[in-house]
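Letters A, B, ... are given to chains in the order of the sequence lines, protein chains preceding strands, and every chain is numbered from 1.
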Number of protein chains: 2
Amino acid sequence: MSALLIKEAALVLFAEKGYDGTSLAEIADEVGLKKQSLYSHFKSKDDIFIQLLTETFVIEYEREKEFLQTHFADPLFDYLWKSLRNYTERYQTDSRLKFWLRLSFFPPYHLHDQVMQSLYAHIQQVDALYLQRFEQAVANKEMKEENAQTATIAFSALIDSICVELVYGGKEKAETKLQAVWTVYWNGIT
Amino acid sequence: MSALLIKEAALVLFAEKGYDGTSLAEIADEVGLKKQSLYSHFKSKDDIFIQLLTETFVIEYEREKEFLQTHFADPLFDYLWKSLRNYTERYQTDSRLKFWLRLSFFPPYHLHDQVMQSLYAHIQQVDALYLQRFEQAVANKEMKEENAQTATIAFSALIDSICVELVYGGKEKAETKLQAVWTVYWNGIT
DNA sequence: GTCTATACGTTGATAGAC
DNA sequence: GTCTATCAACGTATAGAC
């Protein structure tokens, strides 16, 4: 059994049931092992979790960076819209997104500070990517001659609200909300 | 020891550490009892939780309703702005808000369906309150002759994003975000 | 109502045979 | 690397003395 498969199983369970709600026995069971055998691959439950969290931030950042590079030349409208749709599309199938939403919001109590520190760094990096595109948009006069910072912050808030809806409302409700929010947002920045 | 005080202690702990992260021993300890004594007041841990959740939805709805009645005649701008500031003001001191955010997003796994059912009903009720005011605003020409429904949904999304920021960013970051989001939102609906 | 005592499963984790 | 055996600590919950 590879450590990778164990982590994948853990990712799904953590995303679905939270850290405290997931036991090592469940994780082991999912990959057909006894819980004791997990200790050949990880030195503790925290170890599994921290590894997953770290990897997740790397993966998510790379995804955003690649997205920016691929779509930088697209019109602002398309760029932002595609970026948003990305979330609703992925949420259903991608446990990693669920994992990071859930465990960033509400990390295990004893790891709170550590998680938050990583989270802030990640958000800052991602916001910086979007800011680049918004500054370009201001220069191109694709949007109101307003603070690109404001548009960035509001856009990241928009993503947050969609994620919230995905978490408790599911995809259909999120799509409805996305449409309303997007209308107002685009109106607001142009 | 009154059941009320026990529930208050449980509320704070659930809000801070989640359902699985909070033990009956901690709750009891907080009010100076042994964990076994809690069973004189509640028949299970779930019982405490469900009571808190039910009460919370009632209290929050009453709060919103009263707010609407008190400020219905205010200009739309003031009405919405005050409503938003309410969240950032309360979040620091009011554990009930934290409780409902956390436990609605991520309820204990075995109570997921039950919690979600109550949550949807609550959200629907609150959205209906806001919709009333937005329809009035359209009639008053306080905003663009657009769908009041869209403005309502977008506003509730706005609240969500502020709550997210309150959860993981704290009050200061939430204030910054609020300002940016509000600028774009108001621009977007007028 | 609160306590002590207790039951009993589950938790994360370690030791050692194979 | 995986297993069995084992552990101490903690989880929720019950019974019964006071």
In chain order, what residues pass the salt bridge (Lys or Arg N to Asp or Glu O under 4.0 Å) check against [X], with sequence neighbours excluded?
X: B/R133; result: B/E142
X: A/D78; result: none
X: A/D20; result: none
X: B/E135; result: none

Residues which pass side chain to side chain contact (heavy atoms under 4.5 Å, CB included) with B/D46, listed by chain and number, not counting sequence neighbours: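 Per chain and number, B/D46 pairs via side chain to side chain contact (heavy atoms under 4.5 Å, CB included) with B/Y19, B/S44, B/H110, B/L111.
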
Counterpart residues, side chain to side chain contact (heavy atoms under 4.5 Å, CB included), relative to A/A25 (two or more places apart): A/S23, A/K35

Rounded to whole Å, how long is the line connecting atom [atom1] of [X] with atom [atom2] of [N]?
X: B/I27; N: D/dG11; atom1: CD1; atom2: P; answer: 11 Å
X: B/L38; N: C/dT2; atom1: CG; atom2: P; answer: 9 Å
X: B/K34; N: D/dC10; atom1: NZ; atom2: C1'; answer: 15 Å
X: B/D29; N: D/dT12; atom1: CG; atom2: P; answer: 13 Å
X: B/Y109; N: C/dT10; atom1: OH; atom2: P; answer: 17 Å

Could you go through residues 112-127 of chain A and list every donor-acceptor pair under 3.5 Å that involves a side-chain atom there, pairing it with any protein atom two or more places apart or in another chain?
unit_1, atom_1, unit_2, atom_2, d
A/S118, OG, A/Q114, O, 3.3
A/Y120, OH, B/Y168, O, 2.5

Under-4.0 Å side-chain N/O to phosphate OP1/OP2 contact, B/S37 with C/dG1: no

Bend angle of the helix from C/dG1-D/dC18 to C/dC18-D/dG1, end axes from five pairs each (to 10°): 0°

Residues B/K7 and B/S2: side-chain donor-acceptor under 3.5 angstrom: no

B/S/- contact track for nucleotides 11-16 of chain C, protein heavy atom under 4.0 Å: BBBB--

